[in-house]
Amino acid sequence: MSKFYVTTPIYYVTDKPHIGHAYTNTVADVIARWHRFIGDDVFFLTGTDEHGEKIQKAADAAGKPAQEFVDGLAAEYKRVWERLGISYDHFIRTSDKSHEEIVQKFVNRVYANGDIYKGSYEGWYCVSDETFFTDLQLKEGRCPDCGKEVKWIKEESYFFRLSKYQDRLLKYYEDNPGFLSPRTRSDEIKNRVRGGLKDISITRSEVEWGIRFPIDRGHTIYVWVDALLNYITALGWPGGTFGKFWPADIHVVGKEINWFHTVIWPALLFSSGIAPPLKVFAHGWWTVEGRKMSKSVGNVVDPVAMADKYSVDALRYFLIKEMPLGEDGDFSEKGLVARLNGELASDLGNLFYRVLTLAERFNGEIKGAPELEKELELDSIVEAMGKPDTFTALNLIFKFVGSANKYVNDKRPWSQEGDELSNSLYNLLEACRIIALLLGPFMPEASGKMMEQLGVRGGSLKDCSFGKFQGKVKKMGHLFNKVE
RNA sequence: AGCGGGGUAGGGUAGCCUGGAGUGCCCGCCGGGCUCAUAACCCGGAGAUCGGUGGUUCAAAUCCACCUCCCGCUACCA
């Protein structure tokens with residue numbers, strides 16, 4: 001049994017989770033469940049990022065102390081993940097005492113290695129957006145986002161010698177081609193790193209709501225450094241289960257935070273003598289009906305509302321099947337309904353329903369020779385999941401659903417009897433059993449219902465070959481209901 | 001501005017890295033089969049100068065150059 005450590009980003013808790021957060025966690029969850037399925041010892045981490053000025057402001061606006069404010073949102077995140085079937089093993093919060101202590105320990109070590117120095121941070125600052133901009137980013141000398149005036153601000157800060165790690169990062173990318181995933185994202189990062197790295201400011205003197213910088217307690221630690229460290233503080237670095245699970249096998253992230261995970265994070269780890277993660281997978285973004293999702297447009301999609309309306313499994317299925325992992329895609333309720341009605345109800349649900357009907361009418365012993373098994377591209381599914389390519393894997397499983405439907409049409413079991421009929425049913429029931437097993441990581445609830453109706457127990461990858469069908473079939477209605 | 005991604009039948013996509021007959025999938029359309037099943041399932045068909053131009057090659061959707069249009073990122077939006 002090998003270990004497998006998968007993480008999601010920790011989410012900045014200014015508001016409740018939307019469909020993008022749900023996507024990231026669903027992808028990570030499918031990966032985590034798959035690795036449990038193939039027998040790995042999995043540690044699946046998610047959590048919340050709770051420090052920083054924006055959160056302080058949001059708490060002020062809500063009229064609550066910061067800690068109370070983030071407590072409420074962290075609980076909300078947990079509720080959402082439970083609702084969406086996210087099988088995390090640990091939920092880390094950056095306001096956890098143990099996290100704060102470890103972050104300070106880590107920063108001390110980087111400092112002792114000579115990679116932190118005092119300097120000053122300056123740049124154009126937009127007060128209303130609370131954001132610094134470079135000369136290049138300004139539009140006609142004004143804020144590129146809101147168009148208001150910007151001020152030149154200079155602030156004392158401590159810096160991390162990111163520039164020192166340029167060559168080591170490039171070498172790491174070279175030696176570990178799978179680290180930057182998917183490929184389409186890797187050139188972008190390499191180009192930018194080749195273009196030169198600037199040291200980065202890692203403390204703030206104006207921000208109160210954060211972890212104290214141990215070298216100079218007038219500063220707090222920049223939230224990104226605080227946040228990135230969650231991946232090792234959750235393991236209890238340098239003790240705890242760190243030795244067992246580190247390095248992370250995969251950090252699942254959105255493409256917009258790829259830079260932090262593939263450049264700053266490994267550099268920080270290099271500085272403190274810790275191995276970098278094995279893979280950072282940057283997935284794409286969802287638009288909503290063709291438009292960028294944003295609060296101001298008012299098209300933010302609530303994943304819980306979708307799950308309530310169409311079922312958790314339909315939502316999970318749509319998120320994985322709608323776009324190749326790593327690409328961008330478009331979310332629409334119309335698209336979700338089309339996949340629910342057409343693929344889940346008509347193709348998959350109907351397959352189970354018709355097979356179960358035929359099987360229930362049959363009184364004899366279910367036996368036969370494997371005929372349908374050759375249509376199952378199990379090796380390709382395993383290979384895809386190893387990449388990971390959840391999109392291709394799910395497509396291959398559904399290709400097998402199609403093969404099973406075709407088998408019913410070709411064999412016409414309703415006009416068969418005796419051994420012939422038994423053989424057809426044998427093949428179909430075994431196909432259904434394996435489909436149920438393989439879909440477990442993607443649609444855990446439906447998978448459970450399929451097993452129950454087939455009267456078989458759960459299993460693992462090694463059970464995904466045609467054996468003797470030992471279930472007791474019991475039809476219990478449709479797996480998926482059509483909508484509208 | 002720099003960097004990255006994309007432009008494939010009516011719509012949506014996969015294929016592109018590792019070149020080999022436009023090959024595949026979904027929706028829609030036309031025709032047929034079946035009646036176990038959620039008007040579901042299966043088969044066949046129509047429909048594409050693979051954004052444009054030029055190049056490399058025996059061979060280009062695929063590699064290269066340029067052009068064009070769309071989108072994203074540029075160091076706190078999954």
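Note that the structure is predicted; figures quoted are calculated from it, not measured. Every chain is numbered from 1, with letters handed out A, B, ... down the list of sequences.
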Please indicate yes or no: is the ring centre of A/Trp285 less than 5.5 Å from the centre of the six-membered base ring of B/A78, with the two planes inclined by under 30 degrees?
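Stacked: ring centres under 5.5 Å, planes under 30°.
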Determine the contact category for A/Lys406: base if any of its heavy atoms lies under 4.0 Å from a base atom, sugar-phosphate if only primed atoms, P, OP1 or OP2 are that close, otherwise nothing.
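Result for A/Lys406 = sugar-phosphate.
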So A/Asn25, base contact, sugar-phosphate only, or nothing? Heavy-atom distance under 4.0 Å.
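Answer is nothing: A/Asn25 stays at 4.0 Å or more from every strand.
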Please list, pair by pair, any protein nitrogen or oxygen found under 3.5 Å from a nitrogen or oxygen in nucleotides 29-35 of chain B.
from, atom 1, to, atom 2, distance (Å)
B/G33, N2, A/Asn409, ND2, 2.9
B/C34, O3', A/Arg412, NH1, 3.2
B/U35, OP1, A/Arg412, NH2, 3.2

Go through the N and O atoms of the side chain of A/Asn350 and the base of B/A40, and report whether any donor-acceptor pair is under 3.5 Å.
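A donor-acceptor contact between them is absent.
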Atom pairs, protein N/O to nucleotides 4-6 of chain B N/O, distance under 3.5 Å:
from, atom 1, to, atom 2, distance (Å)
B/G4, OP1, A/Asn191, ND2, 3.0
B/G4, O2', A/Glu188, OE1, 3.4

Could you check which residues of residues 220-229 of chain A get a heavy atom under 4.0 Å from RNA chain B? Sort them by number, please.
A/Tyr222, A/Val223, A/Trp224
Interface with RNA chain B, restricted to residues 257-269 of chain A and to heavy atoms under 4.0 Å
A/Ile257, A/Trp259, A/Phe260
Distance between the C1' atoms of B/U57 and B/G20, in whole angstroms?
12 Å
Distances for protein N/O vs nucleotides 7-12 of chain B N/O pairs under 3.5 angstrom?
none

Which nucleotide in the set B/U74, B/A37, B/A78 lies at the smallest distance from any side-chain heavy atom of A/Arg192?
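Nearest nucleotide to the side chain: B/U74.
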Please convert RNA chain B into dot-bracket. A pair counts if it is Watson-Crick or G-U wobble with both distances under 3.5 Å; crossing pairs go in [ ] and bases paired with another strand get |.
(((((((..(((((.....[..))))).(((((.......))))).....(((((..]....))))))))))))....
